[in-house]
Amino acid sequence: MSPLEIHKNYPPLTLAQIHAALAYYYDHKDQLDAAIAASAQQDQALRTASLNSPARKKLREKGLI
């Protein structure tokens with residue numbers, strides 16, 4: 001999204017705040033992209049691990065999922 005589109009979707013943010021956040025992102029892009037990828041990988045691992053949780057097994061037995 002462009003800064004103006006971001007502002008339309010998040011009106012409490014000023015354009016100055018949006019531009020500052022984008023500048024920070026571009027100044028630290030490699031580190032932030034790596035952190036985002038690591039977080040996504042951890043999320044996927046937790047989702048996979050929860051597939052066989054006791055709660056899910058009970059829900060499956062009851063036909064709820």
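Here the structure is a predicted model, which means the values were calculated and not measured. Side chains are part of it too, since the values below use all heavy atoms of this structure and drop only hydrogens, waters and symmetry mates. When a residue number appears, it is its place in the shown sequence, counting from 1.
- Separating the CG atom in L22 from the CG atom in D27 is a distance of 11.0 Å, to the nearest 0.5 Å.
- Distance check: H19 NE2 to L13 CG gives 11.5 Å after rounding to the nearest 0.5 Å.
- In this structure a side-chain-to-backbone donor-acceptor pair under 3.5 Å is missing from S50 to S53.
- Residues Y26 and L32 have side chains not in contact (no heavy-atom distance under 4.5 Å, counting atoms from C-beta outward).
- In this structure the side chain of Q17 reaches within 4.5 angstrom of the side chain of T14, judged on heavy atoms.
- Within 6.0 Å of CG in D30 there are 12 or fewer heavy atoms belonging to other residues, nucleotides or ligands.
- Here the NZ atom belonging to K58 is positioned 13.0 Å from the CD1 atom belonging to I65, to the nearest 0.5 angstrom.
- You'll find the side chain of I18 stays beyond 4.5 Å of the side chain of Y10, heavy atoms only.
- H7 approaches L15 most closely through the heavy-atom pair CB-CD2, 3.9 Å.
- Here the closest non-hydrogen pair linking N52 and K57 is O-CE, 3.3 Å.
- By the neighbour-count criterion of 12 heavy atoms within 6.0 Å, atom CD of Q44 is densely surrounded, having more than that number from other residues, nucleotides or ligands.
- Residues M1 and I6 share a closest heavy-atom pair of CB-CG1, 3.8 Å.
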